[in-house]
Every structure is written in C-alpha cells, then in structure tokens.
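Here is the structure we will look at, set down as structure tokens.
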Amino acid sequence: MRTTALMSTATPRSLRPTTIERRDLRPDDVDVRVTYCGVCHSDLHALDSAGPQAGLVPGHEFVGEVVAVGSAVTAFAPGDPVAVGNIVDSCGTCAMCLRGQENYCAEFPTLTYGGRDRVDGSTTLGGYAGRYIVRDSFVYHRPLSLDPAGVAPLMCAGITVWEPLRSNGVGEGTRLGVVGLGGLGHLAVRLGHALGADVTVFTTSEGKASDAERLGASRVVVSTDADAMAAAAGSLDLVIDTVSAEHDLAPYLRVLDLDGTLCSLGTLGPISIQTMDLLLGRKRLTSSGSGGRPWTQDLLDFCGTHGVTADVEIVPSADVDVALDRLARNDVRYRFVLDLADLDAELDAERDTLHV
C-alpha cells in the first residue's frame, strides 16, 4: 500500500513529501490513517545525529482513525479513533513483556521509526505519513471527547511522565515537584494536578510562573534563587526532573522529604551525585522511559475522564522544517503537532478512482 511520508533528504534536517510503500496487512495488523503527529525532540535528535542522509521518516506520537484491520484483529474496526506511540512491537515473551512493561523488553522493543521489524527485518518508517501499518497490540483506543491534536503528545511525552506518576502512587495529598516546564514538564504538572497532587514547579524562568499555575501548580520556585530553594528543602515526596540538558541533581534531592524519590527523565547521559545527598533522608534516585501497554491505555482512559491533553501548536505538514528549526531553538509552548490529514490527498483520490 502506497502512502505519502515526510522523508529526510541529503540536506541536513530537511524533510520532503515522498511516496513510500507500507506492508500488506498481516492477520494482527491495523491500518491507521494518520491525522496528527507530534514533533518530539527525539525526532530532532534522530535527524541531527544521523547527519545528512535520505530515508528517515520520523514521528512516534500520532493519532488517527482505523482504515482496515487484519483477519485476526477483534479489538478494532474501521472508523475507530486510535493512537500509537513510540513502540510498535516487542518480543512478548521476556520477563518485562510478560509484566506489561514492553518498554523494557529484553530484546529491545521495535521503535515506530528507525526500528527493525520483527517479521521481515525491514526498517520501520514513522508517523510523519498519511498511513501507518501497526500490530494491533500496540494500537490504543483514543477517547473521542479529547482534541485529537492534543492527544498525540500524550503518546510519548505523556506516557513518559505517567508511568513514574503511577508507579510512585501519586494521588490526593502527594507533594509533587516538577523540574522544567517543557513538553514533558507541562504534562507532568497537568497530570499530577489531575491526580490530586499538590504541585511545585522548579524553573529558571520567572516568566513561566503564570503558565505553571494555569496548568495546575500551587507554587513556582525559581531554581536559581538560593533562598527559595533553601525554603523548599524537605518539602516534597516525589520530584520528576524533565530537563534534558546536563545539570546538578543535588538541589532537587535536597527538596525531598524522608524517603522521597527523584525521578530523572530528561538527562540520559552520565550523572554525578554525592552519596550523602541520598543518605540524608534515605532518598532514592530513579529513572524511567516511555511506557508499557497497560499504562499507556490507562493514561488515555484517565485523560478522557479528566479532560487532559497537551498544549499544542498545530503546524501544516508543509511547514515541518520550520517546526523542527523552532524546536531546536526551544521556541514552542509546549509541543508542535503536524496536521497530516491532507498528506495523502492525491493518493486517496487515485484510490477512489480505481474503485469506481
């Protein structure tokens, strides 16, 4: 099946509409017409780290509608509103997969783009496209009550903060801290508030205070203010750190109360801490990444009930390069989402003609 995708060219960070072939439906496959796809920092990193080369189709947080299903699919039907995240398959047999944590698959999960298909070995091409063929186990029911564009970032940024919120038991009375107010951070605030937590935001920018409060924060601490940080010492149960740049974690360990936990999500490289910052107060340092299938549907169900979506700026597919350049400058509040509804317009017209 042919579809139009935004594929990388030999020019750095440049994507152009290109006709690609999607596989024929396997018995457990779902054919999704993509309507909106979030633009993630991972997309930017993939395009930049690969250097100027052709053939990469980014996009791993998207929503759309089911067009067709394979012969063994029973949970979805044509017309269903759905969402797909950054994992489209896993081994299904390792200890982590059996516990619903496909994101930690021992054989490494198949990623939505740049991954290896577990059946034919081909490289997966992502959701910056008109259509996507995906195994039914990794398709999720999308609440119709929610704005679809605002749902797309839930499938990456949202689930990345949701798993640690849920696994740490955040609820009524939890004293939650969120470091950074970007794509992940703004969803951590909104979701934490919806769960009933008392939320404190740590930011280097005083100008984000009103936004943090709008999203559900009870207070904002400017992290460069030594007095404000000292006043916050020992006041929180859980801190979710979403800052992607290398930074000192010690100040955020010190704002934790006895047995508090700091979950570092943004920085993936080496870190350095003093053991005494953990020892004093019996504190824990942890991390997390993406989410398993049960938590992902749990997130969507919760958001449907509580009306939670991401704050997005919708960009026409033709302006994808502009969105990527602005994202590289952190010029977005808080997530770009590509409108891909018309990307396959010419191919759809051709299909309609063939079926007359």
Side-chain angles (χ1 to χ4, degrees), residues 1-26 29-40 42-44 46-48 50-70 78-79 82-86 88-89 110-136 138-139 148-149 152 155 314-325 336-356:
M1 184 264 295
R2 291 188 300 155
T3 189
T4 305
L6 300 176
M7 180 176 281
S8 64
T9 69
T11 303
R13 203 187 294 162
S14 180
L15 299 170
R16 292 293 176 267
T18 306
T19 300
I20 64 170
E21 291 285 339
R22 294 293 194 193
R23 67 176 182 252
D24 292 334
L25 282 177
R26 298 167 185 157
D29 271 344
V30 176
D31 178 359
V32 178
R33 186 186 308 280
V34 182
T35 52
Y36 295 100
C37 185
V39 180
C40 179
S42 298
D43 303 340
L44 196 65
L47 288 164
D48 287 350
Q53 65 172 2
L56 174 68
V57 178
H60 62 199
E61 47 180 45
F62 62 88
V63 299
E65 296 178 351
V66 175
V67 176
V69 299
V82 294
V84 177
N86 57 5
V88 293
D89 206 354
T110 301
L111 302 181
T112 312
Y113 69 88
R116 183 185 60 81
D117 185 90
R118 306 184 99 84
V119 176
D120 62 21
S122 62
T123 299
T124 54
L125 300 175
Y128 288 13
R131 300 273 277 274
Y132 196 98
I133 306 294
V134 56
R135 186 181 172 197
D136 62 341
F138 293 85
V139 183
M155 303 309 295
I314 300 173
V315 179
S317 61
D319 291 341
V320 60
D321 291 346
V322 175
L324 289 167
D325 288 343
F336 284 120
V337 171
L338 297 178
D339 183 348
L340 302 168
D342 62 348
L343 199 59
D344 260 356
E346 292 184 8
L347 286 175
D348 285 341
E350 181 182 320
R351 291 187 189 104
D352 291 342
T353 299
L354 290 173
H355 285 88
V356 170

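- The closest donor-acceptor contact from the side chain of T124 to the backbone of G114 lies under 3.5 Å.
- Contact between S317 and D342 at its shortest, heavy atoms only, is OG-OD1, 4.1 Å.
- A donor-acceptor contact closer than 3.5 angstrom is absent between the side chains of N86 and T112.
- Across all their heavy atoms, R131 and R33 have their closest contact at CD-CA, 3.8 Å.
- You'll find the side chain of V57 stays beyond 4.5 Å of the side chain of T18, heavy atoms only.
- To the nearest 0.5 Å, atoms CG (L111) and CZ (R116) are separated by 11.5 Å.
- Residues D31 and R22 are not paired through a salt bridge, judged by the lack of any N-O separation under 4.0 Å between the basic side chain and the carboxylate.
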Exercise for review: Test R16 against D321 for salt bridge (charged side-chain N to carboxylate O under 4.0 Å, His left out), laying out the working first.
Suggested key: CA-CA 9 Å; R16 292 293 176 267; D321 291 346; 2.8 Å; yes
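- The minimum heavy-atom distance between R2 and T19, with the atom names listed, is CD-CG2, 3.9 Å.
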Exercise for review: Evaluate the criterion side-chain contact (heavy atoms from CB on, under 4.5 Å) for residue pair V84 and F138; output intermediate values, then yes/no.
Suggested key: CA-CA 7 Å; V84 177; F138 293 85; 5.8 Å; no
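- Side chain of T35 to main chain of V63: a donor-acceptor pair is present (N/O by atom type, distance under 3.5 Å, no hydrogens or angles).
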Practice item. Start with the C-alpha gap between V134 and V32, add the side-chain angles, then the distance that decides, and say whether side-chain contact (heavy atoms from CB on, under 4.5 Å) holds. Key: CA-CA 8 Å; V134 56; V32 178; 4.2 Å; yes
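- Here D339 contributes atom CG and D319 contributes atom CG; the two are 11.0 Å apart, rounded to the nearest 0.5 Å.
- In this structure, a donor-acceptor pair under 3.5 Å is present between the side chains of R118 and T110.
- For the atom pair R26 CZ and I133 CD1, the distance stands at 10.0 Å (nearest 0.5 Å).
- In summary, the side chains of D117 and S122 do not present any donor paired with an acceptor at a separation below 3.5 Å, with no hydrogens or angles considered.
- Counting heavy atoms of neighbouring residues, nucleotides and ligands inside a 6.0 Å radius, atom CG of D120 exceeds 12 of them.
- Atom-to-atom distance recorded for H60:NE2 and M155:CE is 10.5 Å, nearest 0.5 angstrom.
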Review point. Which is it for T3 and I20 under the side-chain contact (heavy atoms from CB on, under 4.5 Å) test, yes or no, and what are the steps along the way?
Key: CA-CA 6 Å; T3 189; I20 64 170; 3.6 Å; yes
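- Of all heavy-atom pairs spanning P78 and A68, the tightest one is CG-CA, 4.3 Å.
- In this structure, D325 contributes its side chain and V322 its backbone to no donor-acceptor pair below 3.5 Å.
- Separating the CG atom in L324 from the CG atom in L44 is a distance of 6.0 Å, to the nearest 0.5 Å.
- Taking CG of L15 as the start and CG of L56 as the end, the distance is 7.5 Å to the nearest 0.5 Å.
- Minimum heavy-atom separation, A149 to I314: CB-CD1, 3.7 Å.
- Across Y128 and L343, no two heavy atoms sit closer than the pair O-CD2, 4.2 Å.
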